[in-house]
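See structure below.
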Amino acid sequence: MWLEGEISNLARPSSGHWYFSLKDENAQIRCAMFRRANARVGFVPENGDKVMVRGKISLYEARGDYQLIAEHMEDAGSGALQRAYEQLRDQLSKEGLFAAEHKQSLPTLPHRIGIITSGSGAALHDITQVMQRRMPLVEVLLYPVLVQGELAPAEISHAIMQADHEGKCDVLIVGRGGGSLEDLWAFNDERVARAAFACKTPIISAVGHEVDFTILDFVADLRAPTPSAAAELATPISSDDLLGRLSSLLQHMARMLSNRLQREQNQLGHLRKRLHLAHPGQWVNQQQQRLDGLSKRLQQLMTRITGDKRTRFERISQRLGRQTPAHKLTENQKQLAYLYKRLQDNVQHKIALHKHRLGLQSGKLDALSPLATLQRGYAVVQLDDAKLGKTVVSSVEQIQSGVELNTELHDGYFSAQVTSVTKK
């Protein structure tokens with residue numbers, strides 16, 4: 001069902017849902033509009049707003065209250081479209097789509113102008129008529145679109161993107177004739193505004209009459225109050241102005257050529273006088289004298305260079321003589337004999353040094369040898385054990401009466417039998 005009334009007790013919690021009451025002078029009903037549904041509402045409602053709501057009746061069991069689950073909302077007052085227009089205008093302005101630094105300048109002499117409008121509207125006739133009068137040589141390329149209705153915004157935005165992508169036009173005129181706010185609403189669509197902002201080709205907005213302003217007017221690079229004015233802005237120089245400028249340029253060029261010709265003639269006369277004063281024979285004599293001076297300088301230079309080369313040649317020859325193989329061989333033989341003598345001396349010195357060291361080590365070894373101890377009267381007594389083999393007897397604990405011992409002296413061995421053992 002549809003209900004019309006005034007909003008009161010509006011609450012918008014963080015969940016994104018809207019809760020409010022819809023009332024008139026006779027009754028009221030609680031309403032709930034969930035986030036998925038209110039995201040499609042084209043304006044932000046406030047308390048006191050008169051709206052029309054479409055929804056269905058439901059029971060909120062927790063309180064036992066009947067309520068309306070709203071699925072659609074629109075402004076019931078005459079300013080619904082105006083409010084949506086103002087909200088979109090403020091939003092795009094905050095994003096910078098209207099900023100002056102994004103505006104592009106229009107070409108002075110466009111070769112091709114694209115027109116995005118209805119193919120049968122009065123705007124196209126006004127634009128072409130002005131262009132035919134002002135600049136008939138400019139080519140006009142038409143992109144026919146719907147300029148009113150639900151399908152118009154999509155067609156207009158697509159035509160802007162297509163014309164910009166093709167890159168055939170120097171400037172685009174987007175517009176239509178005047179009308180009510182509802183008639184011009186396609187040019188207040190966000191899709192059209194963003195397509196115009198992204199367009200690299202300069203755009204002239206020509207929507208409605210002088211009192212009509214649309215969102216496209218703020219985004220476009222230039223706003224024309226009427227389609228006819230847009231045609232004049234797109235062709236800032238008329239064919240008559242261009243012919244006048246061309247005529248002026250031709251006259252200026254003729255004066256420049258005349259002045260240039262006069263200067264060249266004066267220069268030619270001056271050169272003729274100079275040539276007459278400077279006889280060619282005199283110039284030849286001066287050049288001959290200069291040639292004689294240069295020849296003398298060249299001869300002196302050649303003499304000096306030859307002497308320098310000869311001196312350098314002799315010095316290099318001496319160096320080369322010292323570098324001959326025979327000279328090198330003699331030098332190497334002397335070096336070899338010297339090194340051989342040094343090698344012999346070093347070998348003899350090393351042999352004598354090692355002999356001396358060997359004698360010292362031999363004396364130390366002889367002094368520490370057990371044989372030297374034996375020569376002084378000592379003996380080594382060994383016990384012959386079947387399991388352990390021969391072991392040196394260093395204590396009386398190792399022997400007992402009746403065993404045989406092997407005794408080593410410095411000049412031989414003898415065996416003896418133990419008859420008695422006495423321990424200290």
Side-chain angles (χ1 to χ4, degrees), residues 1-99 146-154 156-157 179-197 207-208 211-219:
M1 63 179 63
W2 283 89
L3 293 181
E4 180 178 347
E6 180 181 315
I7 292 178
S8 65
N9 301 321
L10 175 63
R12 289 190 288 264
S14 59
S15 62
H17 307 318
W18 293 350
Y19 301 99
F20 57 94
S21 295
L22 197 64
K23 66 178 184 177
D24 59 13
E25 62 274 10
N26 297 319
Q28 67 176 358
I29 186 172
R30 293 180 181 271
C31 302
M33 192 170 196
F34 298 120
R35 180 174 57 185
R36 180 174 55 83
N38 65 44
R40 297 191 295 268
V41 178
F43 63 97
V44 179
E46 300 291 344
N47 285 321
D49 288 351
K50 190 174 182 181
V51 296
M52 292 187 64
V53 176
R54 187 189 74 236
K56 58 185 179 180
I57 296 296
S58 173
L59 175 66
Y60 184 49
E61 298 176 353
R63 290 197 305 263
D65 292 341
Y66 285 99
Q67 63 181 6
L68 179 71
I69 304 299
E71 298 176 350
H72 177 78
M73 178 187 294
E74 62 184 51
D75 198 323
S78 60
L81 290 179
Q82 183 65 29
R83 173 182 290 184
Y85 166 83
E86 292 174 355
Q87 289 182 350
L88 179 60
R89 181 194 61 192
D90 295 341
Q91 174 190 344
L92 297 182
S93 178
K94 291 179 181 178
E95 294 182 19
L97 270 66
F98 304 160
L146 293 174
V147 294
Q148 189 172 331
E150 294 183 0
L151 300 178
I156 296 171
S157 58
S180 64
L181 182 59
E182 291 81 1
D183 295 337
L184 305 180
W185 192 250
F187 298 91
N188 291 321
D189 192 271
E190 184 175 358
R191 291 169 291 178
V192 175
R194 296 195 180 278
F197 180 76
V207 181
V211 296
D212 300 322
F213 276 86
T214 64
I215 298 295
L216 180 62
D217 292 332
F218 298 109
V219 181

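Counting begins at 1 with the first residue of the sequence.
Classified by interplanar angle (parallel below 30°, tilted 30° to 60°, perpendicular above 60°), the ring pair Phe218/Phe213 is parallel.
In terms of heavy-atom proximity, Leu88 sits nearest to Asn188 at CD2-O, 2.9 Å. Nearest approach of Ala186 to Ala152, heavy atoms of both residues: CB-CB, 3.6 Å. Of all heavy-atom pairs spanning Met33 and Val41, the tightest one is CE-CG2, 3.6 Å. For the pair Ser58 and Ile69, the tightest heavy-atom approach, listed with the atom from each and the gap, is CB-CG1, 3.7 Å. Looking at every heavy atom in both residues, Pro153 comes nearest to Arg191 through CB-NH2, 3.4 Å.
Side-chain contact between Leu10 and Tyr19: absent, with no pair of heavy atoms (C-beta onward) separated by less than 4.5 Å. Residues Val51 and Leu22 are in side-chain contact: their nearest non-hydrogen atoms beyond the backbone lie under 4.5 Å apart. Residues Val44 and Gln87 have side chains in contact (heavy-atom distance under 4.5 Å, counting atoms from C-beta outward). At least one side-chain heavy atom of Glu190 sits less than 4.5 Å from a side-chain heavy atom of Gln91. Put simply, the side chain of Leu97 does not reach to within 4.5 Å of the side chain of Arg89, judged on heavy atoms. Trp18 places a side-chain heavy atom less than 4.5 Å from the side chain of Pro45.
For the atom pair Glu74 CD and Arg54 CZ, the distance stands at 9.0 Å (nearest 0.5 Å). The line from CD1 of Ile57 to CE of Met1 is 4.5 Å long, rounded to the nearest 0.5 Å. Atom CG of residue Leu216 and atom OG of residue Ser157 lie 11.0 Å apart, to the nearest 0.5 angstrom. Between Gln148 atom CD and Ile156 atom CD1 the span is 10.5 Å, to the nearest 0.5 Å. Phe98 CZ to Leu92 CG: the interatomic distance, rounded to the nearest 0.5 Å, is 4.5 Å. Here the straight-line distance linking atom CD1 of Ile7 with atom SG of Cys31 works out to 8.5 Å at 0.5 Å rounding.
Counting only distance, with no hydrogens or angles, the side chain of Asp49 and the backbone of Glu46 share a donor-acceptor pair below 3.5 Å. Within the 3.5 Å criterion, the main-chain N or O of Leu59 finds no donor-acceptor partner in the side chain of Asp65. A donor-acceptor pair is defined here as one N or O able to donate and one able to accept, closer than 3.5 Å; no such pair exists between the side chain of Asn9 and the backbone of Phe20. Put simply, the side chain of His17 gets close to the backbone of Arg35: a donor and an acceptor are under 3.5 Å apart. Side chain of Asp217 to backbone of Thr214: a donor-acceptor contact under 3.5 angstrom is found.
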Kindly determine whether Met73 and Phe43 satisfy side chain to side chain contact (heavy atoms under 4.5 Å, CB included), including the steps that lead there. CA-CA 9 Å; Met73 178 187 294; Phe43 63 97; 4.2 Å; yes
Side chain to side chain contact (heavy atoms under 4.5 Å, CB included) between Leu68 and Leu3: does it pass, once the steps are laid out? CA-CA 9 Å; Leu68 179 71; Leu3 293 181; 3.7 Å; yes
Where do Tyr85 and Trp185 land on the side chain to side chain contact (heavy atoms under 4.5 Å, CB included) test, with the steps shown first? CA-CA 9 Å; Tyr85 166 83; Trp185 192 250; 3.7 Å; yes
Determine whether Lys50 and Glu4 satisfy the following criterion, side chain to side chain contact (heavy atoms under 4.5 Å, CB included), listing intermediate values before the conclusion. CA-CA 7 Å; Lys50 190 174 182 181; Glu4 180 178 347; 3.0 Å; yes
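Atom CZ of Arg63 has more than 12 heavy atoms from other residues, nucleotides or ligands within 6.0 Å.
Contact check on Glu95 versus Arg194 returns a salt bridge, with a Lys/Arg side-chain nitrogen under 4.0 Å from an Asp/Glu carboxylate oxygen.
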